[in-house]
There are 2 protein chains.
Amino acid sequence: MSITIKDVAKQANVSISTVSRVINDSKPVSDDIKMRVVKVIEELGYKPNPVARSLVTKKSRLIGVLIPDISDPYIAELLNAIEEVAKTYDYDIILCNSYGSLESEEHYMHLMQTKQVEGMLFLTYKLRTSHKNFFEKSQMPVVMINRDASELNLSSVSVNNFDAVRELTSKLFEDGHEDIVLIRNGKESDVFGPSQYEGFKQAHEDHGKSFDEESVYNGSFQVKHAYDIVRGLIQDKKVPDAIVATTDSMAVGAINSLVDGGYKVPEDVSVAGFYDTKIAELYRPRLTAIHQPIYDIGAVAIRLLIKQITGEAKETTHFYLPHDLIERESTRKK
Amino acid sequence: MSITIKDVAKQANVSISTVSRVINDSKPVSDDIKMRVVKVIEELGYKPNPVARSLVTKKSRLIGVLIPDISDPYIAELLNAIEEVAKTYDYDIILCNSYGSLESEEHYMHLMQTKQVEGMLFLTYKLRTSHKNFFEKSQMPVVMINRDASELNLSSVSVNNFDAVRELTSKLFEDGHEDIVLIRNGKESDVFGPSQYEGFKQAHEDHGKSFDEESVYNGSFQVKHAYDIVRGLIQDKKVPDAIVATTDSMAVGAINSLVDGGYKVPEDVSVAGFYDTKIAELYRPRLTAIHQPIYDIGAVAIRLLIKQITGEAKETTHFYLPHDLIERESTRKK
DNA sequence: TTGTAAGCGTTATCAG
DNA sequence: CTGATAACGCTTACAA
């Protein structure tokens, strides 16, 4: 039997409403009574029962975070930020890992509703109609990560993927590479796919290069996939000058494949990654990559969500956070 | 205004108790009434309010998971398992990331209590008295991960770290290495430190080698730390034949340091890791490492916890899961 | 400024 | 088998 507001009231010789008032300081309470109550609370070690509280206030102080893969280092770092700032606002996180399966996502979206989370952070590999429908129906505050969700009339935060890929590709052209291949997350996945694709194309245009659809490969987030794609390239004797991967681990997969096939990186082929997760610095050669302010993306997203929950933010907005091009050892000037 | 049990009762022309009964099928309800109610529930899309439910049943269907670092790949994989099996039992996870800070851990442990989680999974770098006190007071079911917690009278699951290090070190001796160094997580951290240390020592004894305290270095979970330790070794011209790191990323840090210092791995020095996380296969040279059934550890832990919650498991037990020695390219026979 | 009492949406007890 | 009704612990009008 835990100790309740009643116990405190009795012990302090006041009504429970008074106790409630001092807990929330929602209404004026005379100083002496307040002190008395506070003292009793301390003595008894009373903690308000959040469940009872939620029942009446309809607020759970819970935020749902729906992501496709916890073990993705990018997502892990995001989570660090989310968790940390949520804590400072006294919110807790309910974590849901969908493995990218739509079924799972749907399951969780409903769960969130019934669990009365106050808002949710959403990161998906592929955005679908059923997501859209859900967000429209449930009036729950949502912010989307790593994707511009203005089309859904949702707030979101990400880097500008178009610019990032364009910049990275351009840099490679400027370094004297002619034949560049893009390995991106499966065609299916259009999280940031479209604009990355466009950025890649744009860079060709910028440098007066002809663009060939064939130079874009659709991998997946799996390392092995990138590995296999490059192995295919080697077998077909279509090894390019440079490879842009839209994930650090895909870049690593590509490099491994190249090395296993007898090529040197960056001497024979330049390879660049995306995100700049820990492995970029850890792997040898160190990865040239687009650095994303991952922690900040998470932090901005959760703050934005909390503002929406409290009503401080009304309009939906999209935040683009700045990225950087970090040159390391996996690319070179020709 | 969400739809409640009352609405269903009214619509179906029964009392709310009847509705409650069909929801939980806690008591017999005649078939026709049951059908009527079910139908109304479907039509109205009624979902019981878990908060109200919790208030009366004192059950939250929430499990707290307290860990020191989400972005540690080992922990991320653990989380995958935890999350996945929790879902099948219809529990949700509240995730708390302490960054290894005791203060944070204490904060969260109390939070768990007030949030009425039904049980918790606990993973810490260092076990302290205040943890012990907490677990004793709160009668909450707890299972400890990666550490034998029998001394706290708590259930736990891990591999046998003593055996694992002993085996790995022995293998290195058998391969002809003489001078082996152990780089483990900081001395402070005694998660698995003591028994790993003992295992290392035991291997020396097993092979009739003299053991020198000096061959044990206390790093931290940080890659950089391992890197620096090895750099120090190089500067002091005390480069050993082989290095055992108690973490894959520490092994990578060690190798990087060696390579940057002009040594070849495994030609000059053999380096072995621990855990066998993704990077072991990704990095070149591929890491020789102790493989841990990480997913299984998580899965067993959460199942055990749930059993404790439901009362199926009464006794506290410690599970040792089997490990493997995976030989790859970062070590060699001399 | 303080207290009384009516909920919040369920489950559970107890009659019928 | 079914229906009132009392909790659960708290917030919040409404009175005093």
Side-chain angles (χ1 to χ4, degrees), chain A residues 1-41 44-62 90 110-111 113-118 310, chain B residues 1-41 44-62 90 110-111 113-118 310:
Chain A
M1 288 300 105
S2 202
I3 129 143
T4 78
I5 198 172
K6 264 189 187 166
D7 304 319
V8 177
K10 193 174 297 173
Q11 190 71 215
N13 247 299
V14 294
S15 72
I16 59 170
S17 10
T18 303
V19 177
S20 174
R21 278 165 200 140
V22 345
I23 296 170
N24 304 294
D25 58 11
S26 41
K27 296 245 172 147
V29 174
S30 69
D31 281 356
D32 51 338
I33 290 202
K34 181 184 276 180
M35 274 175 42
R36 209 161 76 216
V37 172
V38 168
K39 200 174 154 218
V40 173
I41 288 180
L44 268 45
Y46 165 71
K47 306 254 187 241
N49 177 333
V51 175
R53 216 173 215 177
S54 291
L55 185 58
V56 27
T57 60
K58 306 288 183 206
K59 308 215 175 279
S60 59
R61 300 218 73 87
L62 244 32
D90 205 30
H110 286 105
L111 192 82
Q113 251 185 157
T114 71
K115 284 285 179 183
Q116 337 236 107
V117 306
E118 295 185 40
T310 60
Chain B
M1 289 303 104
S2 202
I3 128 142
T4 78
I5 198 172
K6 264 188 187 168
D7 303 318
V8 177
K10 192 174 299 173
Q11 190 70 219
N13 246 299
V14 294
S15 71
I16 59 170
S17 354
T18 303
V19 178
S20 175
R21 276 165 201 139
V22 345
I23 297 169
N24 305 292
D25 58 14
S26 41
K27 296 242 172 150
V29 173
S30 70
D31 280 355
D32 50 339
I33 290 202
K34 182 184 275 180
M35 273 176 41
R36 209 162 74 216
V37 171
V38 168
K39 200 174 156 218
V40 173
I41 288 180
L44 268 45
Y46 164 71
K47 305 255 187 238
N49 177 333
V51 175
R53 216 172 214 177
S54 291
L55 184 60
V56 26
T57 61
K58 307 289 185 204
K59 307 217 177 279
S60 60
R61 301 217 74 87
L62 245 32
D90 205 30
H110 286 103
L111 192 82
Q113 252 185 153
T114 72
K115 284 284 178 183
Q116 337 235 106
V117 306
E118 295 186 40
T310 60

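Reckoned from all heavy atoms, side chains included, excluding hydrogens, waters and symmetry mates. Chain A is the first sequence line, chain B the second, and so forth, proteins listed ahead of strands; every chain is numbered from 1.
A distance-only check finds a donor-acceptor pair linking the side chain of Ser54(B) to the backbone of Lys59(B) [under 3.5 Å]. At least one donor-acceptor pair under 3.5 Å links the side chain of Arg61(B) to the backbone N or O of Asp90(B). With Asn24(B) contributing its side chain and Ser26(B) its backbone, the two residues share no donor-acceptor pair below 3.5 Å. Under the 3.5 Å distance criterion, the side-chain polar atoms of Thr18(B) are left unmatched by any main-chain donor or acceptor of Val14(B). Without hydrogens or angle criteria, Glu118(A) side chain to Ser60(A) main chain gives a donor-acceptor distance under 3.5 Å.
To the nearest angstrom, C1' of dT1(C) lies 10 Å from CG of Asp32(A). Atom CG in Leu55(B) sits about 17 Å away from atom P in dG7(C), given to the nearest Å. Rounded to a whole Å, the CG atom of Asn13(B) is 20 Å from the P atom of dC1(D). Whole-Å rounding puts the Lys10(A) NZ to dG9(D) P distance at 12 Å. Atom CZ of Arg53(B) is separated from atom P of dC8(C) by 19 Å (rounded to the nearest Å). Look at NZ on Lys6(A): it is 15 Å from C1' on dT11(D), rounded to the nearest Å. Between Lys58(B) atom NZ and dG9(D) atom C1' there is a gap of 7 Å when expressed in whole angstrom units. Atom CD1 in Ile16(A) sits roughly 11 Å away from atom C1' in dT12(D) (whole-Å rounding).
Comparing Ile5(B) and Val29(A) along DNA chain C, the residue whose closest nucleotide (by nearest heavy atom) sits nearer the 5' end is Val29(A). The residue among Pro28(B) and Thr4(A) whose nearest nucleotide of DNA chain D lies closer to the 5′ end is Pro28(B).
For Val56(A), counting side-chain heavy atoms from C-beta on, the closest listed nucleotide (dG3(C), dG9(D), dT11(C)) is dG9(D). Out of dT10(C), dC10(D), dG3(D), the shortest distance to the side chain of Arg21(B) is found at dG3(D).
At least one side-chain nitrogen or oxygen of Ser15(A) sits closer than 4.0 Å to the OP1 or OP2 atom of dG3(C). Taking side-chain N and O atoms only, Ser20(B) has no distance below 4.0 Å to OP1 or OP2 of dT10(C). Distances shown here put a side-chain N or O of Thr18(A) below 4.0 Å from the OP1 or OP2 atom of dG3(C). Residue Lys27(A) places no side-chain N or O under 4.0 Å from the OP1 or OP2 atom of dT11(D). Look at Asn49(A) and you won't find any side-chain N or O under 4.0 angstrom from OP1 or OP2 of dC8(D).
Among the protein residues, Val51(A) comes within range of no part of the nucleic acid, since none of its heavy atoms lies under 4.0 Å from any strand. Within 4.0 Å of Lys34(B), counting heavy atoms only, lies no atom of the nucleic acid at all. If you check every strand for non-hydrogen atoms under 4.0 Å, Ile33(B) touches sugar and phosphate atoms only. Among the heavy atoms of the strands lying under 4.0 Å from Ser30(A) are primed sugar atoms or P, OP1, OP2 only; no base atom is included. Contacts of Pro50(B) with the nucleic acid, taken as non-hydrogen atoms under 4.0 Å apart, are absent. As judged by a 4.0 angstrom heavy-atom cut-off over every strand, Ser17(B) is placed among the base-contacting residues.
With hydrogens and angles left out, the side-chain atoms of Ser20(A) and Ser17(A) include no donor and acceptor closer than 3.5 Å.
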